[in-house]
Amino acid sequence: MASRDSIMKKPKDARGALRRLLSYVGDYRWIILIVLICSIGGDLLALMGPKYAGSAIKEAAAGVGKVNFDAVFFYARRMAVCYAASSLVTIAINVLMMNVSKGISRKMRKDVFDKLTRLPVGFFDRNQAGDIISRVSYDIDVISTCIATDVVQIMTSVVTVLGSLTMMIIISPLMSLMVLVTIPVSVCYTMWMRKRTQPRFKKRSMSYGAMNGFVEEMFSGQKTIQAYAFEDKVCGNFEQVNGNAAYAYYDAEYYASTIGPTNNCINNVSLGLIAMLGSILFMGGRVGLDGISSFILYSRKFSGPINEIANIINELFSALSASERVFALLDQEEEVADVENAVVLKDLEGNVEASHVYFGYEPGKTIIHDFSMKADAGKLIAIVGPTGAGKTTIINLLMRFYDVDEGSIMVEGEDIRGYTRESLRDAYAMVLQDTWVFEGTIFDNIAYGKEGATMEEVVAAAKAAHIHPFIMRLPDGYQTVITEDGGNISKGQKQLLTIARAMLYDCKMLILDEATSNVDTSTERRIQKAMRELMAGKTCFVIAHRLSTIQHADNILVVDHGDVVEQGTHDRLMAAKGFYYKLYHAQFE
């Protein structure tokens, strides 16, 4: 379970989060102004109710045979009209605020999503997908609910408290002192609880994010879990994560739930004091029965909003904690901006060169050491080596997902940092081992990288990737809709779709990260031959684990522990009987 120290961790900048929330509300300032005016009007109508109630009681207390029922019903009707009108105004306010909440949550989600598209790859490497999703969905929902309901309650409560206090002072300043005595006690208690409650709600949000991340991770590997009969272990791990989330929820709600009842107890003490003092004043003739009746109703109206504020204070704390998490994401450092006067990469032939490159994902931990290579236009460069050797890191550097620490990578003789990122990445087509398809038609998935692609072009790419026969067997051919992440087709078929997508993409350079790992050997050979024909004139970088697939490469980079230990053609490397020779024979043995 979560430790006490972790739960008590204070928010970094709750006031800053509140100011930023108000900046979102500012777009709806005119609606908020209308809501405020309506709130004042509705509360004033509600405040007239106790006044009319007291007048009706005064008439009814005249004694048997002296009651003016016309007057009683007159005041009763006015009281009913005031309360009904106040309720209608409140409904209108709630509708307006729900629209404000909807607009704010929509804009906030758009800002977060836009921010995610601008964040570097490293952010997603460091953070769980479930935690990111939790911020986009759960945390913003908490903020939206707070704006839609709690803000309205606070506005109406302020007007009600001030109005009720004014009416109580008018009726009896002395009895009003009994109410005012309990206010500092209630306020001090609420402020003391705020310091204890707010950190707990932040911990609750973090725990839910961790739980979402765990669930997302486990569901994505469900087949592997079942294959290894690891269900009991996973359930045990989830029980711990779920327990942490449940404890964080309980701990926050436990403290928050004591605020309302405690304030209610304080207010009941105040009501008892009012009753005693009112009785004394009534016997002394200093206040009438109507005054006492109205005063008690106003005192309940006065204490009611204070209780409501205390009850929703936990939701406000939760919203502030959630907003801190959302704004922390919005404050993440984006990809380093293009250098001033960065140029668009044009007239590309495909010449790439790396010179004495050093790189590490963390400061002081270099994993690529003095990496150099040259890829002439139209050549096929294979990158091989054991797991963790740095193959994928080299691709990340070529695409500028990360910038080198030392040295340079050049395209057409110019450092890639002098080009705009967009134009550099547009120059590459990429097929990864971890395939990605989206919910949509087969046609849309293949044509994803080329706007305005025709059916003829899509069919030609599919035929080259040997996926056309499979597509034609589907109920609607190229218009068949595949589910999210391609759940209704096999991994191999998804990989062929992404290969067809890359073939269709009009580019000069191509990156393949074990792109044929999920297809059978016969299909793989046909695809390799087709790709050689279609990639004519393109510079290709291929990460390969099966060395049999890259024997025809123009140059093979053999990487080990971040160093290019050998490079050359397959025949040359085999003749050298070095590291590549050992890898090759180890694989085929």
I'd like to know if the side chain of [X] and the backbone of [Y] have a donor-acceptor N/O pair within less than 3.5 Å.
| X | Y | result |
| --- | --- | --- |
| K391 | I383 | no |
| T145 | D141 | yes |
| R417 | R400 | no |
| N351 | E412 | no |
| Y419 | V411 | yes |
| N445 | T441 | yes |

What I'd like to find out is whether the side chain of [X] reaches to under 4.5 Å of the side chain of [Y], using heavy atoms alone.
| X | Y | answer |
| --- | --- | --- |
| P386 | D560 | yes |
| D139 | L329 | no |
| N99 | L96 | no |
| F401 | R425 | yes |

Within 6.0 angstrom of E422 CD, more than 12 heavy atoms from elsewhere | no
Return yes when atom OH of Y249 has more than 12 non-hydrogen atoms of other residues, nucleotides or ligands closer than 6.0 Å, and no otherwise.
-> no
Value rounded to 0.5 Å, distance of [atom1] in [X] from [atom2] in [Y]:
| X | Y | atom1 | atom2 | value |
| --- | --- | --- | --- | --- |
| E457 | F443 | CD | CZ | 8.5 Å |
| M108 | R135 | CE | CZ | 13.5 Å |
| K450 | C507 | NZ | SG | 11.0 Å |
| L320 | R325 | CG | CZ | 14.0 Å |
| I381 | T539 | CD1 | OG1 | 8.0 Å |
| E566 | Y580 | CD | OH | 10.0 Å |

Kindly assign one of parallel, tilted or perpendicular to the pair F541 and Y428, based on the angle between their ring planes and the thresholds 30° and 60°.
-> tilted
Parallel, tilted or perpendicular for Y402 and Y361, by the 30°/60° rule?
-> perpendicular
Does the pair K508 and D347 meet the rule for a salt bridge (charged side-chain N to carboxylate O under 4.0 Å, His left out), with working shown?
-> CA-CA 10 Å; K508 287 292 186 179; D347 303 322; over 6 Å; no
Taking atom types as modelled and ignoring hydrogens, do the side chains of S408 and S355 form a donor-acceptor contact shorter than 3.5 angstrom?
-> no
With sequence neighbours left out, what residues match D111 under side chain to side chain donor-acceptor pair (under 3.5 Å)?
-> Y24, K107
Of V142, L21, I143, V136, the residue whose pairing with V326 passes side-chain contact (heavy atoms from CB on, under 4.5 Å) | I143
